[in-house]
Amino acid sequence: MKSLLVAWILLVSFLLLLPAAASAQSSITGVVRDTSGAVQPGVTVEASGPALIEGSRTAVTDNQGAYRIVDLRPGVYTVSFTLSGFSTLKREGLDLPAEFTATVNGELTVGA
């Protein structure tokens, strides 16, 4: 009987804390431009880090050069910007706290 009560308390505690864990998700957003200041649509933006079970999440910039990567766990991330004809840009060591939206803009240079 006592073990059933303990199991019930653990289950209720887990269910009560689940929404709090889900709301602790963060995001990374920004705009990608080239060195002339023109927005760059079609850029693949990848956020990677050990906090993600799948290892990385990607987004592609829209017609205004904007992107948003959502549902990220708190942790340290590397953000990479890739577009054919441009050098890949990496921003490393982005420490993302819980319930935070980090703005990470990118400026791509013409590359090989």
Side-chain angles (χ1 to χ4, degrees):
M1 188 70 157
K2 185 177 179 182
S3 62
L4 183 60
L5 178 62
V6 170
W8 176 253
I9 291 172
L10 288 174
L11 177 63
V12 169
S13 298
F14 174 76
L15 292 175
L16 289 175
L17 293 176
L18 189 61
S23 68
Q25 303 300 308
S26 297
S27 60
I28 300 173
T29 187
V31 175
V32 182
R33 301 177 185 276
D34 65 13
T35 54
S36 73
V39 295
Q40 294 298 306
V43 177
T44 300
V45 184
E46 178 182 66
S48 60
L52 291 175
I53 294 171
E54 65 272 29
S56 67
R57 294 247 173 93
T58 59
V60 177
T61 57
D62 63 16
N63 289 337
Q64 288 78 41
Y67 74 93
R68 184 173 179 89
I69 302 173
V70 297
D71 296 332
L72 298 171
R73 295 176 181 202
V76 178
Y77 289 88
T78 297
V79 181
S80 302
F81 303 88
T82 308
L83 181 64
S84 180
F86 291 86
S87 297
T88 298
L89 172 65
K90 282 191 177 189
R91 299 280 173 89
E92 298 180 310
L94 174 65
D95 193 0
L96 194 61
E99 299 181 19
F100 185 77
T101 298
T103 301
V104 180
N105 296 320
E107 183 177 271
L108 298 179
T109 57
V110 176

Shared hydrophobic cluster for [X] and [Y] (ILVMFWY, side-chain gaps under 4.5 Å):
{"X": "V79", "Y": "L52", "answer": "yes"}
{"X": "I69", "Y": "L94", "answer": "yes"}
{"X": "V43", "Y": "L89", "answer": "yes"}

Closest heavy-atom pair and its distance - [X], [Y]:
{"X": "F81", "Y": "V104", "result": "CZ-O, 3.9 Å"}
{"X": "P74", "Y": "A51", "result": "O-CB, 3.4 Å"}
{"X": "S48", "Y": "S56", "result": "CB-CB, 3.8 Å"}
{"X": "T61", "Y": "Q40", "result": "OG1-O, 2.7 Å"}
{"X": "Q25", "Y": "R73", "result": "OE1-N, 3.7 Å"}

Can any side-chain N or O of [X] pair as donor or acceptor with the backbone N or O of [Y] at less than 3.5 Å?
{"X": "T44", "Y": "V60", "result": "no"}
{"X": "S26", "Y": "F100", "result": "yes"}
{"X": "T29", "Y": "Y67", "result": "yes"}
{"X": "N105", "Y": "V31", "result": "yes"}

Side-chain donor-acceptor pair present, T101, S27, cut-off under 3.5 Å
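On atom types as modelled, these side chains qualify, holding a pair under 3.5 Å.
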At what distance, to the nearest 0.5 angstrom, does OH of Y77 lie from CD1 of I28?
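Taking OH in Y77 and CD1 in I28, the distance rounds to 7.0 Å.
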Going by the salt bridge (charged side-chain N to carboxylate O under 4.0 Å, His left out) test, which pairs reach into residues 57-67, not counting sequence neighbours?
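Only E54-R57 qualify under salt bridge (charged side-chain N to carboxylate O under 4.0 Å, His left out).
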Sequence neighbours excluded - salt bridge (charged side-chain N to carboxylate O under 4.0 Å, His left out) pairs with any residue from residues 28-50:
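Sorted pair list comes back empty.
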